[in-house]
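Fair warning: this is a prediction, and the values are worked out from it, not measured in the lab.
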Amino acid sequence: MSFDLDVFEAADTTADLMLTGTLRKLLRRGYGVVDVEQSGGASEPFDAGYGTTGERSTRRWEIRIAGAPGRTDFAGVLAVRETGIVYGADDPGGRPSRRWYELLPDCVETVKVLKAHDGY
């Protein structure tokens with residue numbers, strides 16, 4: 001069974017569909033995306049100042065790749081950490097937030113292959 005990007009996009013909970021955009025880019029460039037898994041997922045409160053509480057959350061995404069342009073034998077995993085912070089989570093008025101994504105060190109070999117092929 002092949003990876004269905006449309007099904008994934010319908011369920012993508014990342015900000016601005018960041019993960020879907022990354023997957024589209026990989027597929028368009030000829031990489032074989034096999035699967036995407038979310039693991040972890042922790043949330044913890046923190047003191048956001050001015051008597052409010054914020055919320056910090058993290059999730060780990062693993063994108064499994066099988067096949068690269070010119071290297072059908074290639075297999076690797078892109079590991080991405082998604083971190084989100086909501087300031088004033090207990091304030092019903094405004095909930096300013098920030099979200100960012102980082103490639104994790106355990107996928108350095110996969111990143112080297114991606115960069116070698118097209119500077120991904």
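Side chains of Glu82 and Trp61: a donor on one and an acceptor on the other come within 3.5 Å. Looking only at atom types and distance, the side chain of Thr13 has a donor-acceptor partner in the side chain of Arg59 under 3.5 Å away.
Contact detail for Gly84 and Arg99: the closest heavy-atom pair is CA-NH1, 3.8 Å. The shortest heavy-atom contact between Val77 and Arg64 is CG2-NH1, 3.4 Å. Across every non-hydrogen atom of Val111 and Leu103, the tightest pair is CG2-CD1, 3.8 Å.
A continuous path of Ile, Leu, Val, Met, Phe, Trp and Tyr side chains, each step under 4.5 Å between heavy atoms, connects Leu27 with Tyr31, placing both in one hydrophobic cluster.
Salt bridge Glu9/Arg24: present, at least one basic N to carboxylate O contact under 4.0 Å.
How far CG of Leu78 is from OG1 of Thr22: 8.5 Å, rounded to the nearest 0.5 Å. From Arg56, atom CZ reaches atom OG of Ser43 across 9.5 Å, with rounding to the nearest 0.5 Å. Atoms CD and CG, from Glu62 and Asp106 in turn, are 7.0 Å apart once rounded to the nearest 0.5 Å. Residue Phe8 holds its CZ atom at 5.0 Å from OG1 of Thr20, rounded to the nearest 0.5 Å.
Looking at heavy atoms from C-beta onward, Tyr101 lies in side-chain contact with Met18 at the 4.5 angstrom threshold. Contact annotation: the side chain of Val80 never approaches that of Leu104 to less than 4.5 Å [non-hydrogen atoms, C-beta and beyond]. Residues Phe46 and Ile85 form a side-chain contact, since some pair of their non-hydrogen atoms from C-beta on lies under 4.5 Å apart.
Residue Phe3 is tested with Leu26, Leu23, Ile63 for a side-chain contact (heavy atoms from CB on, under 4.5 Å); the sole match is Leu23.
Judged by distance alone, the side chain of Thr110 and the main-chain N or O of Gly76 form no donor-acceptor pair under 3.5 Å.
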